[in-house]
Amino acid sequence: MGNINNFAYVRPENVAQALDFLAENGSETRIIAGGTDLLVEMRQGTENFKYLLDIGNLSELRFFHTGQNGVEMGPLMTHSWLAESEEIQDIAPFLAQAAGHVGSVQIRNRGTVGGNIVTASPCADTVPPLIALDCKIKLQGVQESRWVSLKEFFTAPYETVLAPEEMLTAIAFPRLSGYRFGFVRLARRQAMAKARMSIAVALDLQGGTVKDARIATGSVLPTPQRIESAEKLLTNEVPNPELLKEASKQVAREMIEYSGRRWSTPYKEPVVATLTERALKKALGVN
Amino acid sequence: MQEKVSFTVNGKEYEVEVLSNERLLDTLRDNLGLTGTKEGCSIGECGACTVLLNGEAVNSCLVFTVQVQGGHILTVEGLKKDGKLSPLQEAFVKYNAVQCGYCSPGMLMAATAILKKNPQPSREEIKEGIAGVLCRCTGYEQIIQAIEAVAKKGEG
Ligand SMILES: Cc1cc2nc3c(=O)[nH]c(=O)nc-3n(C[C@H](O)[C@H](O)[C@H](O)COP(=O)(O)OP(=O)(O)OC[C@H]3O[C@@H](n4cnc5c(N)ncnc54)[C@H](O)[C@@H]3O)c2cc1C
Ligand code: FES
Ligand code: FES
């Protein structure tokens, strides 16, 4: 097709072959998993590369284990799977919810969690819940591999620490037993619209007191982040409406502190605060 | 670069030689002459190009043909049985779910996927299942009714 550059198509038989190929040709290669980000990008004509490495059929990258400590899964798990998996709904319901918000059925059937992470769009839906879960991801090269905290994976919008010869091969997060979760996103329309902003919240509530609070944002700061100053306001406190408001405003303040006042600030500030408050209330099960 | 790819479409086996950057949508329409599948936005947003790949609804504009090696594809042309319209197609006609018809192939494939997954879907499930296909004409109500009618009869 006219708008998409031509390339040599490479289909490795296993992860080892894929990594060998990347070691040789990484800087001239694009990986394809589901292709839902890549084909759109290529259609826009910004992409040029020599090799397309198709990892979409590598069964080694399509797995899910859960144990006492947590979850480890392959990057090829699709949004449809995440949204419908009973285990994810049980362990991390807000992740299932976030995945269920992605695009449409068609997009969720093809789109993978690995692709969602590596694209590094500020509005990637699965990322804020994963960050709230303290997710770590495995970046594997032919010689060595490293586990990176997802929070530190992103360096700027659409930029990450992934090296050309590396591949994302596993995603892991601990089981947060007894936590309560909330996820809210703001989008233009319900279906198909990419999120403009999203907030994921995990709260450990013991005897009415917040023992641990995690608030992760998407599209609020340039990269998805935990907002520790707001988390601190909640920790060791008994939640009440004023406290929730204060913590929510703190998230908005962080945004302004980071990005300065802009034309969009008067709009974004109350929106961020309101979304955060809603996510906190969802987690607490109050309206 | 040319690549050989084999797969089935509507139960029939094909082996094609395509450029590595050819999309499944182009192969179906231009190479196999199956022009029922439509191209709208080309970026995954309109759903006109929806087909089933290994039983799941996908946007054929977002899939390279080389990726479907060994896959099974169902297009709108595959819905007819023995020259007769399928129950879904009949219902689309009966309930006026087709106006200009541009969305209909994608809509029918999305509907097929809904009923395949759950023969008795709720209205919400139907709405969610067709949300990835845009219709500029009908306002969706007639389409939802058509799918509900088939579900009720248990013909999906
Ligand atoms: C119409 C439409 C609506 C959408 N709506 C949403 C939405 O609401 N929310 C949302 O978050 N996203 C949305 N998306 C974006 C996209 O669907 C998701 O980001 C999806 O998860 C990408 O996964 P993929 O497997 O299709 O990625 P691909 O397109 O295959 O890959 C994406 C990028 O990641 C790299 N990559 C993939 N896997 C690996 C790996 N294992 N190791 C190293 N690099 C890898 C690729 O090289 C590429 O750069 C939408 C896309 C479309 C077209
Ligand atoms: S043409 Fe494929 S979704 Fe619009
Ligand atoms: S009938 Fe015209 S777009 Fe749906």
Side-chain angles (χ1 to χ4, degrees), chain A residues 1-13 30-45 47-58 76 78-81 83-84 100-112 115 187-194, chain B residues 1-5 18-27 29-30 39 41-71 106 109-111 113-114 116-118 124-134 140:
Chain A
M1 73 188 264
N3 288 346
I4 291 186
N5 77 305
N6 213 339
F7 46 78
Y9 175 75
V10 183
R11 188 189 298 128
E13 282 179 14
R30 276 306 280 275
I31 291 173
I32 188 165
T36 58
D37 271 320
L38 195 59
L39 270 91
V40 173
E41 237 178 278
M42 290 172 73
R43 183 83 194 172
Q44 287 155 355
E47 285 303 309
N48 229 316
F49 47 83
K50 213 160 144 192
Y51 305 106
L52 185 71
L53 184 70
D54 187 359
I55 61 168
N57 291 310
L58 298 181
L76 290 185
T78 62
H79 295 295
S80 290
W81 184 85
E84 287 162 25
H101 279 303
V102 170
S104 60
V105 181
Q106 290 93 320
I107 299 292
R108 294 195 289 278
N109 283 342
R110 294 289 292 171
T112 64
R188 272 166 298 169
R189 284 182 296 121
Q190 201 52 26
M192 302 306 287
K194 297 192 187 171
Chain B
M1 269 139 268
Q2 294 281 335
E3 298 281 342
K4 274 210 176 93
V5 191
V18 298
L19 286 173
S20 49
N21 66 358
E22 184 167 308
R23 303 167 306 170
L24 179 57
L25 174 62
D26 305 315
T27 303
R29 290 181 56 85
D30 304 342
E39 175 160 22
C41 66
S42 315
I43 51 168
E45 291 184 354
C46 75
C49 65
T50 302
V51 301
L52 302 201
L53 173 58
N54 302 325
E56 294 190 324
V58 306
N59 302 111
S60 62
C61 71
L62 295 185
V63 179
F64 286 126
T65 303
V66 285
Q67 290 177 277
V68 305
Q69 169 62 35
M109 298 323 289
I114 296 170
K116 196 164 172 293
K117 203 165 156 198
N118 179 0
E124 271 319 299
E125 282 167 333
I126 294 175
K127 278 191 183 166
E128 183 59 43
I130 62 169
V133 189
L134 299 185
Y140 303 99

- Item | Engaged part of B:E3 at the chain A interface, taking heavy atoms whose separation is under 4.5 Å | side chain

- Task: Go through the atoms of A:I32 and report whether side chain, backbone, both or neither lie under 4.5 Å from a heavy atom of chain B.
- Result: side chain

- Item | Closest-packed option against chain A by number of heavy-atom pairs under 4.5 Å, given B:N59, B:V66, B:I43, B:L53 | B:V66

- Query: Are the side chain of B:S20 and the backbone N or O of A:F7 linked by a donor-acceptor pair below 3.5 Å?
  - Reply: yes

- Query: Distance-only, no hydrogens or angles: does the A:S80 side chain make a donor-acceptor pair with backbone N or O of A:N109 under 3.5 Å?
  - Reply: yes

- Is there a donor-acceptor pair under 3.5 Å between the side chain of A:R108 and the backbone N or O of A:V102? yes

- Query: Got a donor-acceptor contact below 3.5 angstrom from the B:T65 side chain to the B:R23 backbone?
  - Reply: yes

